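Below you'll find the structure, written out as structure tokens, and then a few comments.
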Number of protein chains: 2
Amino acid sequence: MEKYKDIGLKLTPQRLAILGYLEGNKEHPSAEDIYKAVSKKFPTMSFATVYNTLETLRERGEVLELTIDPNKKRFDPNTKFHHHLICLKCKKIIDIHSDYNLDISKSDRAGFEIVGNHIEFYGICQKCKKAHGS
Amino acid sequence: MEKYKDIGLKLTPQRLAILGYLEGNKEHPSAEDIYKAVSKKFPTMSFATVYNTLETLRERGEVLELTIDPNKKRFDPNTKFHHHLICLKCKKIIDIHSDYNLDISKSDRAGFEIVGNHIEFYGICQKCKKAHGS
DNA sequence: ACTCTTGACAAGAATAATTCTAATTTGATA
DNA sequence: TATCAAATTAGAATTATTCTTGTCAAGAGT
């Protein structure tokens with residue numbers, strides 16, 4: 001948390017609240033999740049602040065913006081390189097830290113300069129499997 | 001195209017136009033792209049029809065809904081298993097058909113039943129690289 | 001040929017997520 | 001502590017998508 005002073009971020013109470021909520025969070029929350037949670041302690045919190053803060057954090061590489069969920073963006077404070085496993089029913093997302101060799105052949109590369117990759121695994125989580133076979 | 005008769009789809013002119021546009025299309029178009037293109041030949045085409053048709057095609061596994069682009073869904077008529085490479089600048093998407101070994105360890109699996117996976121490669125395409133280094 | 005049923009279409013309203021605007025306030029620094 | 005750029009706020013605006021409602025068309029059975 002201390003580290004944010006160094007990257008030219010003004011440390012406002014709102015930002016500290018958002019950072020505090022994100023720190024160590026494994027839920028991959030959406031902007032709304034964050035807004036709801038932080039609003040409890042901070043009733044004047046605005047949605048704009050949540051989005052603004054997430055955007056500046058993203059620019060600085062402090063959070064990842066996930067596009068796994070078709071309906072909304074979700075955010076990941078875990079900035080170590082990793083992949084994701086998502087439950088197709090409840091949209092729960094968990095981190096996968098295994099290493100995979102994802103070299104891409106010259107012909108596949110199509111002239112692109114490759115700068116990264118990300119694997120999405122799809123599945124059904126234990127809770128949803130139990131809930132009902134369907 | 002013939003094959004759609006078999007899957008219980010009523011073949012209306014609108015659907016044929018959409019199917020015709022999608023067939024062999026490598027652009028991974030958005031609903032709007034499809035709407036615009038098909039509207040030219042079909043001025044009364046409605047957005048609802050585009051979305052409805054895409055949804056029924058998706059249900060039947062005839063198109064994939066891609067969540068790679070944070071701003072909108074994009075659709076892929078290539079239903080062979082494959083991965084994608086996206087240009088971070090212009091959002092161009094190209095198909096990658098290489099095979100990767102993406103076994104997931106029991107501990108990573110976290111009790112999920114795995115049903116699929118998808119790799120997103122990120123990069124800068126040739127055109128964008130030339131356009132300006134930035 | 002007539003009627004029924006069903007599925008598809010169109011237009012626009014409604015919704016949901018996100019971004020923008022403009023006015024105000026605040027944190028960091030001199 | 002005065003200053004000022006940056007941050008916050010509320011709400012409007014925008015964008016993508018879904019929903020609603022009325023209409024229409026094709027095929028099934030009479």
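Each chain gets a letter, A, B and so on, in the order its sequence line appears, and its residues count up from 1. Here the structure is a predicted model, which means the values were calculated and not measured. Heavy-atom basis, side chains included; hydrogens, waters and symmetry copies ignored.
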From CG of B:L9 across to C1' of D:dA25 the rounded distance in Å is 17 Å
Hey, does A:N52 reach any base, or is it just sugar-phosphate, or nothing, if we go heavy atoms under 4.0 Å? base
Verify the contact: side-chain N or O of A:K72 to OP1 or OP2 of D:dT17, cut-off strictly under 4.0 Å; return yes or no. no
Report the distance from atom CG of A:D33 to atom C1' of C:dA16, rounded to the nearest whole Å. 14 Å
Taking atom P of D:dA16 as reference, at what distance in whole Å does atom CD of B:E32 sit? 6 Å
Distance, rounded to the nearest Å, where A:F75 contributes CZ and C:dT18 contributes C1': 10 Å
How many whole angstroms separate atom CG of A:L11 from atom C1' of C:dT25? 17 Å
Of the listed nucleotides D:dA16, C:dC9, C:dA8, the one nearest the side chain of B:K10: C:dA8
Separation of C:dA10 P from B:Y51 OH (nearest whole Å): 16 Å
State plainly whether the residues B:D69 and B:K91 are in salt-bridge range, i.e. N to O under 4.0 Å. no
Between A:K73 and C:dT19, is there a side-chain N or O to OP1/OP2 distance below 4.0 Å? yes
Would you mind classifying the nucleic acid contact of A:P13 as base, sugar-phosphate or nothing, using non-hydrogen atoms under 4.0 angstrom? sugar-phosphate
If you only use heavy atoms from C-beta on, which nucleotide in D:dT17, D:dC19, D:dA10 is closest to the side chain of A:A48? D:dA10
Is A:T49 touching bases, backbone alone, or none of the nucleic acid, heavy atoms closer than 4.0 Å? base
Answer with yes or no whether the side chains of B:D76 and B:H82 bring together a donor and an acceptor at under 3.5 Å. yes
For the pair A:Y35 and A:F47, name the ring-plane relationship: parallel under 30°, tilted 30 to 60°, perpendicular over 60°. parallel
With rounding to the nearest 0.5 Å, note down the distance linking CD in B:E27 to CG in B:D33. 8.5 Å
Would you please confirm or rule out a distance under 4.0 Å between OP1 or OP2 of D:dA7 and any side-chain N or O of A:T12? no
Could you tell me the separation between the CZ atom of B:F47 and the C1' atom of C:dC9, rounded to a whole number of Å? 15 Å
B:Y100 side-chain N/O to A:D103 backbone N/O, donor-acceptor pair under 3.5 Å: yes
Would you kindly give the OH-to-C1' distance between B:Y35 and D:dT17, to the nearest whole Å? 14 Å
Pick base, sugar-phosphate or nothing for B:S30, based on heavy-atom distances below 4.0 Å to the nucleic acid. nothing
Side-chain N or O of B:R15 less than 4.0 angstrom from OP1 or OP2 on C:dC9? yes
OP1 or OP2 of D:dT9 less than 4.0 angstrom from a side-chain nitrogen or oxygen of A:Q14, does that happen here? yes
